Amino acid sequence: MALKIVKGSIDRMFDKNLQDLVRGIRNHKEDEAKYISTCIDEIKQELKQDNIAVKANAVCKLTYLQMLGYDVSWAAFNIVEVMSSSKFTYKRIGYLAASQCFHESTDVIMLTTNQIRKDLSSPNQYDTGVALTGLSCFVTPDLARDLANDIMTLMSHTKPYIRKKAVLIMYKVFLKYPESLRPAFPRLKEKLEDPDPGVQSAAVNVICELARRNPKNYLSLAPLFFKLMTSSTNNWVLIKIIKLFGALTPLEPRLVYSCVHVVKYLGLLAMSKILKTHPKSVQSHKDLILQCLDDKDESIRLRALDLLYGMVSKKNLMEIVKKLMLHVDKAEGTTYRDELLTKIIDICSQSNYQYITNFEWYISILVELTRLEGTRHGHLIASQMLDVAIRVKAIRAFAVAQMATLLDNAHLLTGNMQRNGICEVLYAAAWICGEFSEHLENPMQTLEAMLRPKVATLPGHIQAVYVQNAAKLFATVLKSQEGNTDSTAAQETSQLMIDRLPLFVQSANLEVQERASCILQLVKYIQKLQQKDVEIAEEVNALFAGELNPVAPKAQKKVPVPEGLDLDAWINEPPSESESEDEQPKAIFAKEEPKHSRPRHTEVDEKELARRREARKQEQANNPFYIKASPSSQKVYQDTPGVEHIPVVQIDLSVPLKVPGLPMSDQYVKLEEERRQKERAEKKKKEKKKRKEKRSGRGKKHDSGPESEEDITPAHQVDIVTEEMPEVNSLDILYFVPLADSEKLPVRSHRETPKSPAEDGDTENAALQEPKKKSTKEKREKKKDKDRDRKVYDIQGNLQDGSQVVVSVIFENKGDSFLKSMEFNVLDSLNSKLQRPDGSGPHDGLTVPFQLPPGVSNEARFVFTVQSIIMPQKLKGTLTFIVKNEDSSTHEKLDFKLHFTCTSYLITTPCYSDAFAKLLESGDLKGSSVRLEGVNMPFHHLLARICFHHHFSVVERIDSCASMYSRSIQGHHVCLLVKTSGQTVSIDAKCDEPTLLGNVLDEIKQTFSQC
Amino acid sequence: MIKAILIFNNHGKPRLIRFYQYFAEDMQQQIIRETFHLVSKRDDNVCNFLEGGSLIGGSDYKLIYRHYATLYFVFCVDSSESELGILDLIQVTFSLLQVFVETLDKCFENVCELDLIFHMDKVHYILQEVVMGGMVLETNMNEIVAQVEVQKPHGEGGLSAAPARAVSAVKNMNLPEIPRNINIGDINIKVPSLSPF
């Protein structure tokens, strides 16, 4: 007997497991059926064993054979045996086999009832889980009836893993045993609000399946689903609910709305994902998305807003913002309105105002936004106004005019200002009016507006700005008045200051008080001098002299740290943790401390506390001279300033906030449209139309005139302060200067930038990053009319094709006439040809694909094929164009010469000294040399000059001797050995192309003879 | 509701079959053959769903499939719904398929056909955590993987797996017949009662 057991276990050791079976089948491809039948015999043998492990293994193999199409129902009883094993691994095998081959007519199923019940109530959740999974496949009406109660209990199991399985299987139970539905339904409904999302989605799943079969019983659940729909983030659940509503809508038409609505939501959600990868395809649906802004559902509108942010372009910005402005007007609910406001500003200011073509329009939008009641984002608007006014110089005059109007009508804004924070814009308005007061039309009036008694109701930091800027204004006013013969006017102005300032001197806000009293004393002193008829304006103005320029966020880094200064060392003993936090400057604007923020300082007495707070405030307050450049960083400040120190006088004005004199931004939209239409029309008909505009006259008197023909294309230039200075050497500029008829003018040399092969496809970058080639070009021009025209050249050799050179020409119209129908033509030589499109003749010119309004520049590229690069060449060319004036148009011609030097075909190529030595040893190179006399510069300057102008790189340098290397676009090696002694420089050169070398050396000589 | 999930290779050899509705074995094999026939003649760049075959419910059913390297994953789904519903369904099933395949990939570390061939049982256990009784059970892959890991037999990979590994090493020595014959030969003489079935 013992032996039998031993034999059993040894033999078992070599039983086939599933892997062996599979391997065996694969090894017996030719007699698979036979092999399998022996395997089945083995399995039958194994199933007779008492060892449950052996049985489980056998059943596992049967499951595999079942997949191959073998009937294994004969082993059903064994399967049940394995199912009832106490070991999870075996039990699982049993249940798997059962779920694969049991069905309603399998008679052993009724034997399983108790076993399954036992497993369902097992303390091990995975026993329960595996039983539920198995049951879901072979549940019969009998099983369903007998186990319904057990499963229902499991729906409230502590483990979500079991709950979700129990919920799902309920559907199967309902199908087999419909009577269970009624008692189970309340609990199922409960599960819709289960804390676990998996259980929730299972419940949704089951109810959806049920509702598909019999929708009308589930109508009552619609509100619950609606709630789920709006709160759920699980897209699977959302889709299920939509489907459910799809089933319900025939019964309840009202649901169509909500259904459509979720689809919309999902659609927008999907679009925002697509937008990241395929912005173009989403942009074409702009109208659709704009429509979604009209949706009743706030979450859909917010989604649509998110999408719009990514969709704007220069073309559609005005249109989109116009639409958004309409929504702002009719929006209900502050949250949504505030969201709209921030989005408008975000959209406009993104990427350094990249999409704004007209800043007057933007200022108008900002001014219109100030009319919003109850917004929290006064700060945001204010910071935008400041940012634009400071960085866009051309807009200052306009901005100042607008801000003056704002100040004048401040009472309209400040209705509920203490609460709504919109008065922050007055901060910006006052500062802009003060700082750029030279643009004010009527500074006296603005000064008066800034000193009105009502100003005292504004928050402290705004008053402080008022006082300070009133002083600036005062200086400006004085200056204008002192020129007059009548000196009383100036004295009256001083008197006005002296009359009004005491109001601020009494302010409880220390900042205001201090500034006011200081300025008051100053004005009194000025008045004294005035009474003695002393000219004082100049000196007063000196107080505020100096132009404000934007500073890059990292500008500080460029300032070298003085020697011996350790910035990390403590100057004093490190303060306690809490204090150091206080000192962190948080914002551009001065911010008063939030009231609740200092509970820690309880040990400090109240007075001390107040003193510190004020001191801090003074420190931070109001330093408008430091402006951060990045607009995104300005979103941070949203806390409303604490106002505890200010006596609050509520002035409730319920008049509609239509500030007189403020421009409607709409008119810009119209202008823009008109302009574009006109441009289109012009292109089509080439009709003659006047288009002359004086740029200088723009912007100032905007409200007054129907200057609708204004040409908006050249956006006011934004000063974009980037971290890096632009590469100075990447482009040289060539000017066409108006000259007398026969006069000729040699012009400066030019840079050519070949495209390096690695950077193919990104020409522009390549051009900027690696200027490698240079050619001197001479331009001679003949011009007889008053137009000024300027051109910038940039030539790029195409490395991939050793015979191509790309010439980029930037045309700039410096005159004030409109230039159109430009044609660029070059007289081909045998060696160099301008590439023309297929089908055009060898002498046809190339149309420049744009027109030039006055002051505008644009770039065009022309490709030349060059056969031999060993000789320098000059190409003659002509530019013809039509000059359009107000009442006439003339055809003009401009001759020029393109000079392709040999150095322009060289590319700076680094070379290692060993490679260099090998190259020289090879003996393929022919030598030549040149001597330069009277070169009076340090050796490293000399080398730098050769590198820079002639595209060489230094291989090695030893004392006053250096080897240099370069390569032509056609692969010629050029090696130089440069030696210097005194003022004589000798260059020994080697190259595999002597002619090229000779020319390069000539050009080098030329470079040094010029200096 | 999902009616069946089939995985077969480029030659139509089943690698996993899971019917959520009962069919006899020969019928199951017919369905596999028919489905393979339908799916395999389609180009890889045409759409990935088609009307069900005649055997498994006809036009009420959609076959939604994907072809990964040597394997076809086919979900057979009933679709007695509106057009929109069908689109959703396809979408859902696709994502489900994706979840399933990704989970396989995670559990088997770069799953390939051989993994499925030799570990059909494990594939079933993974599938059980994704779909239960034809309904979507879980779509969060991390959750699925976690549950599969927890339920792995403790022996696997641990110390107790050592004997099993030793045995399989012996089995893999490619001379399976020799030790077996010797053993059985010896003992059969003494214990004749253990004759083969």
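Reminder, nothing fancy here: chain letters follow the sequence lines and each chain counts from 1. Everything numeric here is computed off the predicted structure, so don't read it as measured data.
When each of B/Q128, B/H124, B/M132, B/R15 is scored by its heavy-atom pairs under 4.5 Å with chain A, the top score falls to B/M132. Among B/K13, B/Q28, B/Q147, B/E129, the residue with the largest count of heavy-atom pairs under 4.5 Å with chain A is B/Q147. Looking only at heavy-atom pairs under 4.5 Å with chain B, the residue among A/V206, A/V139, A/L132, A/T133 that has the most is A/T133. For the options B/A24, B/G134, B/G133, heavy-atom pairs under 4.5 Å to chain A are most numerous at B/G133.
For the pair B/D121/A/I93, no side-chain contact is recorded, criterion being any heavy-atom separation below 4.5 Å from C-beta on. Annotation: side chain of B/M120 is not in contact with side chain of A/C60 (no heavy-atom distance under 4.5 Å). Side-chain atoms of A/Y171 and B/M135, non-hydrogen and from C-beta on, do get closer than 4.5 Å to each other. Using a 4.5 Å heavy-atom threshold, the side chains of A/R26 and B/F118 count as touching. For the pair A/Y64/B/I117, a side-chain contact is recorded, criterion being any heavy-atom separation below 4.5 Å from C-beta on.
In this structure, CD in A/Q66 is found 5.0 Å from CD1 in B/I17, a value given to the nearest 0.5 Å. Going from atom OG1 of A/T89 over to atom NZ of B/K152 covers 13.5 Å, rounded to the nearest 0.5 Å. Expressed to the nearest 0.5 Å, how far CD of A/Q19 lies from NE2 of B/H119 amounts to 5.0 Å. Atom-to-atom distance recorded for A/Y70:OH and B/D26:CG is 13.0 Å, nearest 0.5 angstrom. With values rounded to the nearest 0.5 angstrom, A/C137 atom SG is found 12.5 Å from B/F19 atom CZ. B/E25 contributes atom CD, which lies 7.0 Å from atom SG of A/C101 (distance to the nearest 0.5 angstrom).
Interface remark: A/I169 contributes backbone and side-chain atoms alike to the contact with chain B (heavy atom separation under 4.5 Å). Contact annotation for A/L21: neither backbone nor side-chain heavy atoms come within less than 4.5 Å of a heavy atom of chain B. With a threshold of 4.5 angstrom between heavy atoms, A/E209 approaches chain B through side-chain atoms but not through N, CA, C or O. Heavy atoms closer than 4.5 Å to chain B are found in both the backbone and the side chain of A/K165. Only the side chain of B/L114 comes within less than 4.5 Å of a heavy atom in chain A; its backbone stays farther off. In this structure, chain B has heavy atoms under 4.5 Å from both the backbone and the side chain of A/S99. Proximity to chain B (any heavy atom under 4.5 Å) is shown, for A/D71, by both the backbone and the side chain. In this structure, the portions of A/L168 lying under 4.5 Å from any heavy atom of chain B include both its backbone and its side chain.
Residue-environment remark: CD (B/E109) stays at or below the threshold of 12 foreign heavy atoms within 6.0 Å. Heavy-atom contacts from other residues, nucleotides or ligands closer than 6.0 Å to CG of A/D50 number 12 or fewer.
Using modelled atom types and a 3.5 Å distance limit, the side chains of B/E138 and A/Y161 yield no donor-acceptor pair.
Minimum heavy-atom separation, A/F102 to B/Y22: O-CD1, 4.3 Å. Scanning both residues, A/M67 and B/Q29, for their nearest heavy atoms gives O-NE2, 2.7 Å.
Proximity of a side-chain donor or acceptor of A/R92 to a complementary backbone N or O of B/Q151 within less than 3.5 Å is detected.
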